[in-house]
2 protein chains.
Amino acid sequence: MNESAPHICEMCNTRKLSAFSELGKEELSDLSEHKACVFFKKGQIIMHEGSRPTGVYCIHHGKAKFYKLGQEGKEQIIRFAKDGDLLGYRSILSGEAVSVSIAALEDTHACFLPKAMLFEVIENNPKFSLNIMKMACHELGEAGKLITNLAQKSVTERLAEMLLILKETFGEDADGNIDISLTREELASMVGTATESVIRLLSKFKEDELISIKGRKIKVENPVKLARVGNVFD
Amino acid sequence: MNESAPHICEMCNTRKLSAFSELGKEELSDLSEHKACVFFKKGQIIMHEGSRPTGVYCIHHGKAKFYKLGQEGKEQIIRFAKDGDLLGYRSILSGEAVSVSIAALEDTHACFLPKAMLFEVIENNPKFSLNIMKMACHELGEAGKLITNLAQKSVTERLAEMLLILKETFGEDADGNIDISLTREELASMVGTATESVIRLLSKFKEDELISIKGRKIKVENPVKLARVGNVFD
DNA sequence: TTTATATCCTGACAAATGTCATAGTTCTAT
DNA sequence: ATAGAACTATGACATTTGTCAGGATATAAA
């Protein structure tokens with residue numbers, strides 16, 4: 001983690017995506033004074049499972065994964081974060097240790113906001129509080145979906161759905177590939193299966209012309225069919 | 001759902017367990033005036049997945065399950081609720097439809113609090129807001145654990161752990177049995193497996209003297225060994 | 001560039017789990 | 001009390017998925 005060029009909150013475009021969208025002018029300049037701009041290199045760990053964070057990070061530009069270490073240290077990816085997402089607030093608000101590790105998937109710029117400052121904003125700004133609650137509650141809904149999928153769907157279905165979720169979450173690059181670079185092992189640790197199974201299934205999806213693959217670049221060629229394979233309805 | 005004998009919030013012992021523990025006298029009497037006492041018979045559905053609740057329920061006395069309908073209408077139990085727990089707040093706060101159905105596992109008395117009233121308390125009482133956030137954030141942590149378990153543990157391990165969680169959550173009756181009555185099918189829908197697998201594994205656990213079984217009454221005889229089978233460390 | 005390391009891929013096999021069929025048992029509502 | 005429904009139990013079998021081993025490629029560092 002390094003200091004990085006400071007952003008000014010009032011002028012931050014990412015802010016509009018974040019829980020801080022509703023703040024007034026004074027609150028923003030207050031924020032600007034108390035925050036720190038930090039930089040994480042690709043692969044760097046932002047938070048460690050079990051630690052006590054001293055504040056939260058708001059992603060200015062970048063991507064990160066939330067993961068837990070399960071059986072024998074096996075990584076389980078719980079969810080992703082991108083521009084505007086808040087990291088670490090769950091732990092701070094619940095008063096528990098961080099339940100996940102967070103690692104940068106790309107070079108990531110973020111703003112660090114100390115715990116005390118976060119609580120101050122919450123106390124003084126009910127709209128912000130509501131935004132945070134909304135966020136947490138939305139994530140709870142998503143977690144419920146994931147739980148149901150893990151418990152009831154086959155590996156094939158889960159992988160198909162996961163590719164669609166990744167596309168939805170990170171969008172596409174100029175060539176139409178899903179705009180995130182993940183190893184097969186990381187894909188496996190989202191879907192909850194073995195790396196080999198992911199490799200075999202990706203080959204099969206490609207053979208069936210649902211996707212195309214160039215190394216880690218994956219392009220969804222037939223979203224409708226892929227959704228059908230994944231038993232995705234919503 | 002029926003009207004049931006009214007409780008007075010000021011004198012409610014269950015309240016101390018709930019998010020309402022921090023309210024002042026006026027707020028409590030205000031609450032008492034706006035709430036309704038309701039009764040759900042065992043098996044009755046309290047909320048329907050996909051609906052828009054008009055308020056939240058606080059369980060005064062009873063037990064309920066949260067579940068989603070997954071593949072081909074198969075039930076997936078996400079979590080349980082007992083005395084003091086708040087039902088439906090996730091949907092109200094996120095502004096989304098309810099993502100789970102909620103059904104009473106026993107005859108349940110609850111208090112209904114209209115949406116507007118909930119928001120009023122949130123606006124006027126930062127401590128209550130913080131309680132709610134804490135709740136949501138805690139649940140998020142629990143959901144993460146469940147996700148990791150579902151993705152990485154075997155059916156045997158998950159069932160063993162689930163029995164311990166149930167014991168932890170609902171306690172024991174006079175004979176030391178886990179104080180909740182669930183069908184094998186419900187157990188299966190928590191663990192994410194087939195009913196037959198649950199039946200077979202329970203028989204095996206019994207054979208190995210980890211548990212004893214009398215119909216739906218299950219007693220954990222050897223928690224240490226059971227935890228070892230479930231690979232439970234925390 | 002070259003080398004070392006990590007990642008990717010494939011096949012063969014084993015183990016875990018789900019499905020189907022069938023029968024016994026318990027619960028529940030009349 | 002009794003019939004019908006729901007639940008529990010067990011066996012045989014099919015399928016899915018994981019594991020291990022080997023080699024091919026790609027990626028990153030010297």
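Reminder, nothing fancy here: chain letters follow the sequence lines and each chain counts from 1. Note that this is a predicted model, so its numbers are computed, not measured.
Between A/Lys204 atom NZ and D/dT17 atom P there is a gap of 12 Å when expressed in whole angstrom units. Atom CD in A/Glu157 sits roughly 13 Å away from atom C1' in C/dG18 (whole-Å rounding). One can place CD of B/Glu75 at 14 Å from C1' of D/dC7, the figure rounded to the nearest angstrom. Following rounding to the nearest Å, A/Glu72 (CD) and D/dT19 (C1') show an atom-to-atom distance of 13 Å.
The bend of the helix from C/dT1-D/dA30 to C/dT30-D/dA1, defined by the angle between the axes of its first five and last five pairs, stands at 70° to the nearest 10°.
Using a 4.0 Å cut-off on heavy atoms, none of the residues of residues 146-153 of chain A approach DNA chain C.
Within the 4.0 Å cut-off from OP1 or OP2 of D/dT16, not a single side-chain nitrogen or oxygen of A/Ser154 is found. Between B/Ser197 and the phosphate of C/dG18, there is a side-chain N or O to OP1/OP2 separation shorter than 4.0 Å.
A heavy-atom distance below 4.5 Å is found between the side chains of A/Gln71 and B/Asn231. With contacts defined as side-chain heavy-atom distances shorter than 4.5 Å, the pair B/Cys9/B/Lys35 qualifies. At a threshold of 4.5 Å between non-hydrogen side-chain atoms, the residues A/Phe40 and A/Ile45 do not count as touching.
The side-chain contact (heavy atoms from CB on, under 4.5 Å) test applied to A/Lys65 returns A/Tyr67, A/Glu75, A/Ile77, A/Phe80, A/Ala103, A/Leu105, A/Glu186, not counting sequence neighbours.
Neither side chain, B/Thr195 nor B/Glu185, offers a donor N or O lying under 3.5 Å from an acceptor on the other. A side-chain donor-acceptor contact under 3.5 Å links A/Arg90 and A/Ser99.
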What nitrogen or oxygen pairs link the protein and nucleotides 8-13 of chain C at under 3.5 Å?
from, atom 1, to, atom 2, distance (Å)
C/dC8, OP1, A/Arg216, NE, 3.0
C/dC8, OP2, A/Arg184, N, 2.9
C/dC9, OP2, A/Arg184, NE, 2.9
C/dC9, OP2, A/Arg184, NH2, 3.3
C/dT10, OP2, A/Ser203, OG, 3.3
C/dG11, N7, A/Arg200, NH1, 3.0
C/dG11, O6, A/Arg200, NH2, 3.3

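At least one cation-pi condition fails for B/Arg15 and B/Phe20: the charged atom is not both under 6.0 angstrom from the six-membered ring centre and inside a 45 degree cone around its axis.
For residues 147-158 of chain A, the pairs satisfying salt bridge (Lys or Arg N to Asp or Glu O under 4.0 Å) are A/Lys153-A/Glu161, with sequence neighbours left out.
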Stepwise, does the salt bridge (charged side-chain N to carboxylate O under 4.0 Å, His left out) test hold for A/Lys217 with A/Asp173?
CA-CA 10 Å; A/Lys217 297 263 172 213; A/Asp173 67 11; 3.5 Å; yes
Using residues 200-211 of chain B as the side-chain source, report each donor-acceptor pair under 3.5 Å to any protein atom, sequence neighbours left out, with the distance given to one decimal.
from, atom 1, to, atom 2, distance (Å)
B/Ser203, OG, B/Ile199, O, 3.0
B/Lys204, NZ, B/Asp208, OD2, 3.0

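Between the side chain of B/Thr14 and the backbone N or O of B/Asp83, no donor-acceptor pair lies under 3.5 Å.
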